[in-house]
Protein chains: 2
Amino acid sequence: MASGQGSAEGMPPVARALDAAEARCLRAGAQLTELRRQVLALVLESEQPLGAYALLDKLKAKRPGAAPPTVYRALDFLLEQGLIHKVERLNAFIGCVEVGHAHGHDHHHAHPHQFLICRECGMTLELSDHAVAHALEEAVARAGFRMSRATVEVEGLCAACAGGAS
Amino acid sequence: MASGQGSAEGMPPVARALDAAEARCLRAGAQLTELRRQVLALVLESEQPLGAYALLDKLKAKRPGAAPPTVYRALDFLLEQGLIHKVERLNAFIGCVEVGHAHGHDHHHAHPHQFLICRECGMTLELSDHAVAHALEEAVARAGFRMSRATVEVEGLCAACAGGAS
DNA sequence: GTGCTACCGTTATATAGTAACGGACTGCCC
DNA sequence: GGGCAGTCCGTTACTATATAACGGTAGCAC
Ligand SMILES: [Zn+2]
Ligand SMILES: [Zn+2]
Ligand SMILES: [Zn+2]
Ligand SMILES: [Zn+2]
C-alpha cells in the first residue's frame with residue numbers, strides 16, 4: 001500500500017489519512033503526486049488551519065525552490081478532490097475530517113460542512129450537521145436560489161477556552 | 001434632519017438609508033463623519049458587493065488623497081455599527097438590508113444573516129433566516145462552543161440566472 | 001495653557017493570490 | 001523512430017487585499 005503497511009492498525013493518524021487520500025485519488029483517476037502528498041501532509045500535521053504562505057515556508061524545507069504557485073496549485077488540486085477545505089475567514093486550509101471515515105458516500109468534492117473557530121486558541125472543528133445543511137437548503141430554495149456551495153463558519157470560544165475565561 | 005428632509009416619503013432609497021444610519025449612530029453615540037458617510041453612500045449605491053479597492057477608486061473622485069487606510073478605517077467603523085457586512089467569499093462589502101427597517105431591535109452589530117451569491121450575475125441577497133440561525137446555534141452548542149459571530153454564504157444561481165440556463 | 005481623545009492624511013509594508021512562459025515527462029498515434 | 005497532446009511543475013513577474021506606523025489637526029476637559 002501507499003505507505004508500505006498493509007493495515008491501518010497502529011499507524012499514526014496522518015499516515016492513515018494519507019493512505020485514505022491516495023485511495024480516494026486512485027478511485028477518482030487523479031494523481032496524488034509527491035508534491036501534492038507533501039502539501040497534504042503539512043496540512044494534516046498542523047493542529048490549526050494553515051495559510052498558503054505558512055505552508056510554503058514549511059514546504060521549502062523539503063523543496064527549496066518552492067514558490068507561491070507551487071503551493072497554490074497543490075492546494076487547488078486537494079480542494080478539488082475534497083481532501084482539504086478552505087476556511088474563508090482565515091484565508092487558511094485544513095484537512096477534511098471525513099476523509100478516511102470509510103463512510104462509503106463518495107462525495108468526490110464539497111460535502112456540506114461547518115467550521116467552528118475558537119478566537120482564543122485558534123482550534124478549528126469541522127462539523128457535518130445535517131439540520132444546519134437542511135435548514136440552509138430550505139431557506140435558499142425559498143429565496144428562489146439554486147445552491148452549489150455553502151460556506152458556514154462560526155467564530156467563538158471552544159469549550160476549553162470558554163471554561164477558563166467564562 | 002440629516003439630508004434636509006423631514007420625512008422618508010419620496011426620498012431615494014440610498015438617502016433614506018443614510019438617514020437611518022445617521023439616526024443609528026446618534027443613538028449609539030458614534031460619529032457618522034463626512035468620510036464615513038461618503039463610503040457608506042458608495043456601498044449603498046452599488047447593486048453588488050464592492051471590494052475595498054473598487055470603493056477606493058470611486059472615493060477618489062470626491063477625495064483625491066484617499067489611500068487604502070482611508071477606506072479600510074471607514075469600513076471598520078461601518079462594520080462595527082452594523083451598517084454594512086463583509087462578504088468573505090468575495091472580500092467585498094455590502095449594505096445591511098435591515099438598516100432602516102424600523103424593526104426596533106437595536107442590534108448595534110452583527111445580527112444573524114446569510115448571503116446568497118449568484119455566481120452568474122453577481123447579485124447578492126441578504127437573508128435573516130431564523131431557522132438557519134437556530135439550527136446553527138444548536139449545532140454549535142452541541143459541540144461545546146460559544147458562538148460570537150457566524151458567516152453563512154451560499155454560492156449558486158439566482159432565480160433569473162437559473163431560469164435562463166437551467 | 002496642558003493633556004487627552006478621535007479622526008484622518010500619508011508613506012511604507014505585509015499578506016494573499018494569479019498570469020504567463022517554458023521545460024520535463026508521459027502516453028499515444030502514425 | 002518522429003510528432004503531438006496532456007499533465008505536472010519550476011520560475012519570474014505581477015495583481016489584489018490588508019495593515020503598521022507616524023504625524024497633524026480639531027475638540028474638549030481641566
Ligand atoms: Zn470535510
Ligand atoms: Zn479555544
Ligand atoms: Zn444585515
Ligand atoms: Zn444571477
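First the proteins, then the strands, lettered A, B, ... as listed; each starts at 1. Computed from a predicted model, the values in this text were never measured in an experiment.
One can place CG of A:Leu78 at 12 Å from P of D:dC8, the figure rounded to the nearest angstrom. Between B:Leu59 atom CG and C:dC8 atom P there is a gap of 11 Å when expressed in whole angstrom units. Here C:dG17 presents its C1' atom at 13 Å from CG of A:Leu79, a figure rounded to the nearest Å. As a whole-Å value, the separation of A:Lys60 NZ from D:dG10 P is 13 Å. In this structure, A:Glu34 atom CD and D:dC9 atom P are separated by 10 Å, rounded to whole Å. Atom pair A:Leu56:CG and D:dT11:P shows a separation of 13 Å (rounding to whole Å applied). Separating the CD atom of B:Glu80 from the P atom of C:dA6 is a distance of 12 Å, rounded to the nearest angstrom. Atom pair B:Glu88:CD and C:dA16:P shows a separation of 13 Å (rounding to whole Å applied).
Ion pairing between a basic and an acidic side chain is recognised when a charged N comes within 4.0 Å of a carboxylate O; A:Arg37 and A:Glu22 show such pairing. Taking 4.0 Å as the cut-off between side-chain N and carboxylate O, B:Glu153 and B:Arg89 do not count as a salt-bridged pair.
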If you restrict it to nitrogen or oxygen atoms, what contacts under 3.5 Å exist between nucleotides 13-15 of chain C and the protein, and what is each distance?
none

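Closest of all the heavy-atom pairs between A:Glu126 and A:Val97 is OE1-N, 3.1 Å.
Within residues 66-76 of chain B, the residues that have a heavy atom under 4.0 Å from DNA chain C are, in order of number, B:Ala67, B:Pro69, B:Thr70, B:Arg73.
For the residue pair B:Arg63 and B:Gln38, a side-chain donor N or O sits within less than 3.5 Å of a side-chain acceptor on the partner.
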Dump the intermediate steps for side chain to side chain contact (heavy atoms under 4.5 Å, CB included) on B:Ile117 and B:Val154, then the final yes or no.
-> CA-CA 6 Å; B:Ile117 308 162; B:Val154 171; over 6 Å; no
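Taking only side-chain nitrogens and oxygens, A:Lys86 never comes nearer than 4.0 Å to OP1 or OP2 of C:dA16. One finds no side-chain N or O of A:Thr33 lying less than 4.0 angstrom from the OP1 or OP2 phosphate oxygen of D:dT7.
Between B:Leu157 atom CG and B:Cys121 atom SG the span is 8.5 Å, to the nearest 0.5 Å. The CG atom of A:Asn91 sits 13.0 Å away from the CG atom of A:Leu50 when rounded to the nearest 0.5 Å.
Evaluation of the side chain to side chain donor-acceptor pair (under 3.5 Å) rule for A:Ser148 yields B:Arg119 as partners, not counting sequence neighbours.
By the 30° and 60° cut-offs, the orientation of the rings of A:His111 relative to A:His85 is tilted.
For B:Gln31, counting side-chain heavy atoms from C-beta on, the closest listed nucleotide (C:dC8, C:dA16, C:dA6) is C:dA6.
Taking the nucleotide of DNA chain C with the nearest heavy atom to each of B:Arg63 and B:Asn91, the more 5' of the two is matched to B:Arg63.
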